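Each remark here refers to the structure printed beneath this line.
In what follows, chains carry the letters A, B, and so on, assigned in the order in which the sequence lines appear, proteins first and then strands, with residues in each chain numbered from 1. It should be emphasised that the depicted structure is a prediction, and the values quoted were computed from it without experimental measurement. Values below: all heavy atoms of this structure, side chains included; hydrogens, waters and symmetry mates excluded.
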Number of protein chains: 2
Amino acid sequence: MFGDTLATRVAERESQIVLGLDPDPAALWPGRAGEPAQGSPAERAGEAVLGHCRALIDATADACVAVKLQLACFERLGTAGWSTLEAVAAHARGLGLLVIADGKRGDIPVSAAAYAQALLGGIETSFGAVPGLRADLLTVNPLMGTDAIEPFVAAARSAGAGVLVLVRTSNTGAADVEDLELRGGGAVWERVATIVGALGASAVGEAGLSDVGAVMGATEPRHLLRARELMGNATFLLPGVGAQGGRVEDLAPAFAPGRAGGLITASRSIANAHVQNGGEPAAAARAEAERLRERAWAL
Amino acid sequence: MFGDTLATRVAERESQIVLGLDPDPAALWPGRAGEPAQGSPAERAGEAVLGHCRALIDATADACVAVKLQLACFERLGTAGWSTLEAVAAHARGLGLLVIADGKRGDIPVSAAAYAQALLGGIETSFGAVPGLRADLLTVNPLMGTDAIEPFVAAARSAGAGVLVLVRTSNTGAADVEDLELRGGGAVWERVATIVGALGASAVGEAGLSDVGAVMGATEPRHLLRARELMGNATFLLPGVGAQGGRVEDLAPAFAPGRAGGLITASRSIANAHVQNGGEPAAAARAEAERLRERAWAL
């Protein structure tokens, strides 16, 4: 049961903090040694991104339970980017961190199953097994409905992993579709929350958590109470703290099922902590991650 | 103006048919020569997929205007898969076909912009320019709202490319969210259609087509008339013909703005035509693509 795996990991690490990795080749930490002098621009950029991500993970791992890899930032480096993605995931895993593949995929069932192979356990071919990214959690877009989510849930369940469905996101545009009011009452996002609750109902572990969680933007904490009513056993991934304006103090409803009921993800506020607070990037990032960890753990 | 580029290409090729490429390593065309004997399983599978896609493109290019690359099927081969994806896109482009990157991406603005870099023109880095996939069209998921779509539209517009927003998809699950009735009247998908119409309004070319199109499943042709009312200048990408049950004859409303108003995408019905109709895979695929082309052109 993934819910129990997650609860154990959160308890062991005493952290609900997720380090978001969305590396921009134009904004990597300065002063890293060993930047490659040869290879294609993509290969060199990929190596530099890998160095940056490794340094950021090494600096903050003690305060975190997981990393969240923003797939877009790796894909923009093409083939070299996918190779970098795999290396970053392996590095994080080696330090005991869970790996969240943040790709927000969603497609017809046959294609959803292919995405699940890419991000989870891979695919058997006549040439041998091709490994997948082996993520522990992956984000999924529910627009196309239940049959577009189910292949992810099935694949995650058989891999001992979990799914995080976009329910109410942290961006301004969430108002355009997710917040639309339905004729039968409630908003679109509440209907999605009901689907999430149903999909996870058959796989609730001893810790009270299922393997189907939800992305709930931390920028709209007033939604968290309602979301908890509709998804009593879902782990909430909570983006939007820090750079996007959300505050840890407002997130208490997420943790109703226990400490692993909420995972707080922060990207720029950790990676760029030195810009805000001064000091060395690694030390500033570590301090900011630890500050978030302590605040969340105290809730 | 991408709408004019598309209209010209459709007129030149006398085709509105899109070859869908969703290669499954377990179901490649038999009897292809030159399968690689060395390399990792992923590299060998990638080479085999590339050979399959090249053969399929070569067989059907004369009857098609574009290829649609299902990114999931390439991503499941990891780094080798992304390399294969780039090679397949280049091969199609070399034969005069437009390239549709079918990734159904959608994310907060900064990440949407990164996806657009990946699939369109790439990114400048201090190590040099990293090329993107250089797609002509890409599919986008609108769940997260206007600010999640706009970065794709902006990047496509500056690259001379276009965007296809998921409006009403061809899967059964489309009923779960897209078809929900809103308190103010209309369905969720109709609201998305209105957003699509507005985003494209400022970039309508002489041919009457904008650079913001819509994915409209061919399995529910009753929706096409309504969709055309809401998106008068959008090109409709029409999946679901063939294997999913849609019929070309039902698609006429899509072509109201002209022949480039609709692009009919078929994947398995072309690649597996030999299973249905007998004969060599290449000849059967060519015949099926040509049959679809003639039927659509006659509408």
Side-chain angles (χ1 to χ4, degrees), chain A residues 22 25-26 41-42 44-45 48 70 72-73 75-79 82-83 86 104-112 114-115 117-118 122-123 125-132 141-148 166 169-178 180-184 188 191-192 195, chain B residues 22 25-26 41-42 44-45 48 70 72-73 75-79 82-83 86 104-112 114-115 117-118 122-123 125-132 141-148 166 169-178 180-184 188 191-192 195:
Chain A
D22 46 10
R44 293 175 64 201
Q70 169 50 258
C73 293
E75 287 179 17
R76 65 179 159 188
L77 298 180
T79 300
W82 201 273
S83 165
E86 292 171 342
K104 301 184 175 65
R105 304 302 200 240
D107 215 309
I108 60 170
V110 64
S111 304
Y115 276 125
Q117 290 173 326
I123 178 173
T125 75
S126 59
F127 308 101
V130 176
N141 185 310
L143 176 74
M144 294 175 68
T146 305
D147 70 357
L166 302 183
T169 56
S170 59
N171 58 315
T172 309
D176 299 335
V177 179
E178 298 168 22
L180 292 174
E181 291 290 329
L182 297 174
R183 183 188 288 173
V188 168
R191 186 66 65 95
V192 173
I195 293 171
Chain B
D22 46 10
R44 293 176 65 200
Q70 170 50 258
C73 293
E75 288 179 17
R76 65 179 159 188
L77 299 179
T79 300
W82 201 274
S83 164
E86 291 171 342
K104 301 183 175 65
R105 303 303 200 239
D107 214 309
I108 61 170
V110 65
S111 304
Y115 276 127
Q117 290 174 326
I123 179 173
T125 75
S126 58
F127 308 101
V130 176
N141 185 310
L143 176 74
M144 294 174 68
T146 304
D147 70 357
L166 302 183
T169 56
S170 59
N171 59 315
T172 309
D176 300 335
V177 180
E178 297 168 23
L180 293 175
E181 292 289 329
L182 298 174
R183 184 190 286 173
V188 168
R191 187 67 65 98
V192 173
I195 292 171

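The CG atom of Leu180(A) sits 10.0 Å away from the CG atom of Leu180(B) when rounded to the nearest 0.5 Å. How far CG of Asp107(B) is from CG of Asn141(A): 9.5 Å, rounded to the nearest 0.5 Å.
Contact tally against chain A (heavy-atom pairs below 4.5 Å) for Ala42(B), Pro25(B), Gly128(B), Gly78(B): the top residue is Gly78(B). No other option in Val188(A), Thr125(A), Thr146(A) has as many heavy-atom pairs under 4.5 Å with chain B as Thr146(A). If you tally non-hydrogen atom pairs under 4.5 Å between each of Asp147(A), Leu77(A), Val177(A) and chain B, the highest count goes to Asp147(A). Put simply, of Ala118(B), Cys73(B), Ser126(B), Ala148(B), the one with the most heavy-atom pairs under 4.5 Å next to chain A is Ala118(B).
Taking the side chain as every heavy atom from C-beta outward, Leu143(B) and Pro142(A) approach each other to under 4.5 Å. Residues Ile108(B) and Thr169(A) form no side-chain contact, since every pair of their non-hydrogen atoms from C-beta on lies 4.5 Å or further apart. Side-chain contact check for Lys104(B) versus Arg105(A): every heavy-atom pair is 4.5 Å or farther apart.
Using a 4.5 Å cut-off between heavy atoms, Ala175(A) makes no contact with chain B at all. Contacts of Glu75(A) with chain B are made by both backbone and side-chain atoms, with heavy-atom separations under 4.5 Å. Interface residue Glu86(A): only side-chain heavy atoms are found under 4.5 Å from chain B.
Pro41(A) and Ala129(B) make their closest contact through CB-O, 3.6 Å (heavy atoms, listed as atom of the first residue, atom of the second, distance). Between Ala72(A) and Ser111(B), the shortest heavy-atom distance links the atoms CB-O, 3.5 Å. When all heavy atoms of Asn171(B) and Met144(A) are compared, the closest pair comes out as ND2-O, 2.8 Å.
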